[in-house]
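Okay, so here's the structure we're looking at.
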Amino acid sequence: MATPSSDERSILIVDDEFIVRDSLSKWFRQDGYRVEAAEDAAHALKCMERGPWDVILLDIKMPGVSGLELQKQLKEIDGSAIIIMITAYASVESAVHALKGGAFDYITKPVDPDHLSHVLQNALRQKNLSDENVRLRQHLSSLLSAEEPVGDSVQMKKVMELARTVAKTDTTVMIRGESGTGKELIARTIHASGGRRFFPIVPVHCAAVPESLLESELFGHEKGAFTGAQYRRKGKFEMANGGTIFLDEVGTISAKMQVHLLRVLETKQFMRVGGSENIKSDFRVICATNRDLESALKEGQFREDLYYRLNVFSIVIPPLRDRRSDIPLMVDHFITKYSSAMSKGVTRIAPEALDMLVRYNWPGNVRELENVIERAMVLAQPPEIGPNDLPFQLTQASDLPSDDTLSSVERRHIYQVLLRSGWNITRAAEQLDIDRVTLYNKIAKYGFKKP
Amino acid sequence: MPPLLIVPIGVHNIPASPTLASRLQSVFQVDVSIAPAGMVDPDAAFDISRRQYDSNRLILSLTEAFPRLTGKLLGITSLDLYVPGFTHVVGHAQFDGRCATVSSFRLKQAVYGFPENLQLVEERLHKEAIHQLGHAHGLFNCESYTCVMHPSTAVERIDVRSIDFCAECGRLLKGRLDGGSPLPRGIA
């Protein structure tokens, strides 16, 4: 049996007369369609499990469940299928009923081949437009909600350069970085800059999906594959056809799933859970992890073959504390974002508050920074965010580092004196009992900047 | 390669000409001969309520009339043909099979109220014969509108398409004639 591919057109014929089913099936097969035929409603509903069908030709007059009744059930199962009604008993009434029920068109038996050919061309044009519309809407919404990574530091410029370079290829990318550094944002940037940008990027948060459901989430399932599987469902790999699948927290998947994943990545083919049909999908893989995969490899928790399959091109996003010069830019970006979302006239941040943000350790990275700004935007009085709008832990631990080494204590102390004196160097030097040149040297050594 | 046999069915005002035989011979690279008239009786295929001839039954009669012939059979007629479910057909074939039929009935200009043009009708008949024999050799309909395998349900479209195969269909036919398996369009 030929492997179903996304561009193969398909037709389901539902008619109680064998000879009509036979003639129409042969007619469409000569056109290269995938064709199945059903003699009644029960068989038609069974055929729906092997769908989706682009077009359904449905006889109105059938014993048992009528075509009009069946039309409603078929539409419930697959609202996007184009239904064309056929009947030997042409009447205005049944035609109106069929069209009101959502049928695309109506043809009479015996079928004029020329008419059938026109109706089918129109139906497929309509189907292609509807499918394209759905795809474009999804893409538009992902573009509207997509954000560009913000950063002007040398490290981020390097990351962006790598992302743009690899975007032009179909190479598998592994994005490494601490939690909250913006790995998904980089994945979206790679997808949006590559040749697959007009197809979807499908994110899967491997750690967020329970192990028992991950298989069905990734590969889809057939109706009745397990308790609760009422309908056939497409998996993420199938949904990513033509586009990109983003496997977040890939380091957390179980040994069993690692085997499945390896096979899919190698063959680009898989079976739905409970299915027997090989599904082909053309996707690019971008994965991300904050786990030390090399240690997991040594401990035998992560398969070596999968590691090498995924780790073809690696991009490491540095933590926010290692690229503090990006913080003011990010703060501006988040203020603009939330002032527009909240319709609040807060447009800037006070220098002391910004200084606190720059000096904070940011264990939660960019995600934590965004949350802090969002919270501050709620509390702040227009037009600016002040130090009191920041969370307690930031105002208390505004200087770095937090260990007890002599240089850390000296650094913290000098900085607090500078703040208290309003960066008056003479006064600060007096308080510290050192000369101004020594203070300037200390400021340069610790990289302090006047707010 | 077993020979191809053209079988005239019923009274035929467009004779199964040597021109058709030589065209088919050059396209399908096979010896082509024309059977004497009257070998297949169309009456068994006549549907009195529709006043048309069932092409499926004609094909059955063709295979029964030449049981030992291993080559393709092309039934050619001026009778009005149909297959159940359809109002009419101008040609019909067993896909990747042995038999095909073509009818000049709806290819005539007079059917559409125009002065008759026998040369045009003969050209249409030849195109349709090659198209149906293409199906009998396992070729699918083609999207290229100038290819002889382009589906044509109306005479205007038959006139638009050429009598030749497009490059892709030509390649597939050659593969079939050389003994290869068909590579279905859109599935390969």
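Chain A is the first sequence line, chain B the second, and so forth, proteins listed ahead of strands; every chain is numbered from 1. Computed from heavy atoms alone, side chains included, the values below leave out hydrogens, waters and symmetry copies.
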From A:Asp114 CG over to B:His88 NE2, what is the distance, rounded to the nearest 0.5 angstrom?
7.0 Å

Does the side chain of A:Ser117 reach to within under 4.5 Å of the side chain of B:Arg157, using non-hydrogen atoms?
yes

Hey, does B:Phe86 have a side-chain heavy atom less than 4.5 Å from the side chain of A:Pro113?
yes

How close do A:Val20 and B:Gly85 get, counting heavy atoms only, and between which atoms?
CG2-CA, 4.1 Å

List the residues meeting ring pair (Phe, Tyr, Trp, His ring centres under 6.0 Å) with A:Phe28, not counting sequence neighbours, and say none if there are none.
A:Tyr33

How long is the span from the NZ atom in A:Lys26 to the CZ atom in B:Phe95, to the nearest 0.5 Å?
12.0 Å

Any salt bridge (Lys or Arg N to Asp or Glu O under 4.0 Å) pairs touching residues 42-66 of chain B, not counting sequence neighbours?
B:Asp54-B:Arg57

Does B:Gln119 CD have over 12 foreign heavy atoms under 6.0 Å away?
no

Counting only heavy atoms from other residues, nucleotides and ligands, does the tally under 6.0 Å from OH of B:Tyr112 exceed 12?
yes

Taking all non-hydrogen atoms of both residues, which atom of B:Thr87 and which atom of A:Asp112 are closest, and how far apart?
OG1-CA, 3.2 Å

Would you name the heavy atoms of B:Pro84 and A:Ser23 that are closest together and state the gap between them?
O-OG, 2.7 Å

When the 4.5 angstrom heavy-atom criterion is applied to B:His135 and chain A, the contacting part is side chain

Region of A:Leu116 that comes under 4.5 Å of a non-hydrogen atom in chain B:
side chain

